[in-house]
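Here is the naming used below: chain letters follow the sequence lines, and residue numbers restart at 1 for every chain. No hydrogens, no waters, no symmetry mates; every other heavy atom, side chains included, goes into these values. For clarity, every value in this text was computed on a predicted model and none was experimentally measured.
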There are 2 protein chains.
Amino acid sequence: MEIATGIRKKYPVPMIRRLPSYLRIIKSYSYGGIEYISATDIANELGYDSVKVRKDLALTGVCGKPRMGYKVDELIRAIRSIVGWDKNSEAVLVGTGCLGSALLGFTGFSRRGINFAAAFDVDPHKIGMTVHGHTVMPMRGMKNFITERKIEIAVLTVPADAAQETVDILVDAGIKGIWNFSPAILKVPARVVTQNENLMSGLAVFMVKMATESV
Amino acid sequence: MEIATGIRKKYPVPMIRRLPSYLRIIKSYSYGGIEYISATDIANELGYDSVKVRKDLALTGVCGKPRMGYKVDELIRAIRSIVGWDKNSEAVLVGTGCLGSALLGFTGFSRRGINFAAAFDVDPHKIGMTVHGHTVMPMRGMKNFITERKIEIAVLTVPADAAQETVDILVDAGIKGIWNFSPAILKVPARVVTQNENLMSGLAVFMVKMATESV
DNA sequence: TAGATTGTTAATCGATTAACAATC
DNA sequence: TAGATTGTTAATCGATTAACAATC
């Protein structure tokens, strides 16, 4: 069950993207006091093919029992371990605009082990304000804060034209990963992980679907 | 150049997801007064393989000139047409929590032809409040509003446990597509398009990347 | 012309789906 | 036992990448 020391499995990205949905359903079974869940159960809830789910679950390393399914709490533990939601890490949020504020107020992060240690903004008017319990701090102090507290994760919600200069500071401060909500493509050294969330990609797919559907 | 009547091309989803990034770069060339852009230019900006970009651009129907590249304004027009950002449509937003409010304040939608005709919420305390210029209206009036104004698009930012009941009202009102930001999987008739944005999928991929990188 | 670029055809890669044996 | 389910192996599908001819 535990991850072999040194060796780390390579999980397919599409599978990783599905894990949170699986987890959500498995947890609802857990809350309902149900001990076992089958790949078919999950597939039905999500409208997926059950073979796909079974293959994904196989990759988690959890073994199922024929006729029974998979042990709910084993799956929960395994998935949370893969996606790193079983341990706490501190993060900074940079850019307290609409989206940044929304993310600060989102309770889902702390439940997944991501805690905002600080929020930063350039706007002098925002400094000192409290956004969902987090005091906005001046960008000036960001580098030292990150370095001293050894923060590894930054959530980037600044406008596109401020993205790269902000990233340079983050990288300089020793950040390990940047979750980027700006549309800008970031230039970072190879050791720094970036993950781009592009809201507009989703909108594009949605609009194309709508157009094709209505033929 | 124009879309053949009746026949509509089927675009690959990964290609559609890349179009907004392409558009952003091409537009920056346009603002800079540059008339032509090559697939290599775009690929370099985004860190993509240039062949992939060229193939995507071929699918838009725009022809490039060897040694010159593609005409910037032709590409802009073609991409905007494919993703439906060249015409206006009205939308309602349901659920004015953190994320809903953030989306209401996001100027990018109107620039892409999506205009919020109204925002709805169940919370009586929120009714009448103005969020980024939009007055919050009671859920009670939503069905009639959508039907009368012939609104086709709904942006769903309600909590997971309220999602399905809200969707039932939307479907009943004749909505054509639902852009779903709740983690719930929606049950809708086949004629209704849904597009799920799952923030947690992105977080999962990010965390796995971080873990694999730091080996 | 030389060289940069487009555009097409073939090869590779990876994910999904199908088929089926194994298990309780 | 019968039947539902797991898990594995093979087949299919689609996207990316490679190779190369065509163009200006």
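Both A:Ile37 and A:Arg67 lie near DNA chain D, and the one whose nearest nucleotide falls closer to the 5' end is A:Arg67. Both A:Val51 and B:Val51 lie near DNA chain C, and the one whose nearest nucleotide falls closer to the 5' end is B:Val51.
Here the range on DNA chain C touched by chain B, meaning any atom under 4.0 Å from one of its heavy atoms, is C:dG3 to C:dA10.
Checked against the 6.0 Å centroid threshold, B:Trp85 and B:Phe109 do not count as a close aromatic pair. Taking the ring centroids of A:Tyr70 and A:Tyr36, they lie at or beyond the 6.0 Å cut-off.
Ring-plane geometry between B:Phe206 and A:Trp179 is classed as parallel, the angle between the planes falling under 30 degrees on a 0 to 90 degree scale with a further cut at 60.
Put simply, the side chain of A:Tyr31 does not reach to within 4.5 Å of the side chain of A:Ile26, judged on heavy atoms.
Under the Watson-Crick and G-U wobble criteria, each requiring two contacts below 3.5 Å, nucleotide D:dA19 is paired to C:dT8. For D:dG3, the paired base is C:dC24 (Watson-Crick or G-U wobble, both distances below 3.5 Å). In this structure, C:dC13 forms a base pair with D:dG14, meeting either the Watson-Crick or the G-U wobble geometry with both donor-acceptor distances under 3.5 Å.
Taking the charged nitrogens against the carboxylate oxygens, B:Arg77 and B:Asp86 have no contact shorter than 4.0 Å, which rules out a salt bridge.
Using a 4.0 Å heavy-atom distance criterion, A:Lys55 is classed as a base contact.
In this structure, B:Lys52 forms a cation-pi arrangement with B:Tyr48, its terminal cationic atom sitting closer than 6.0 Å to the ring centre and no more than 45° off the ring axis.
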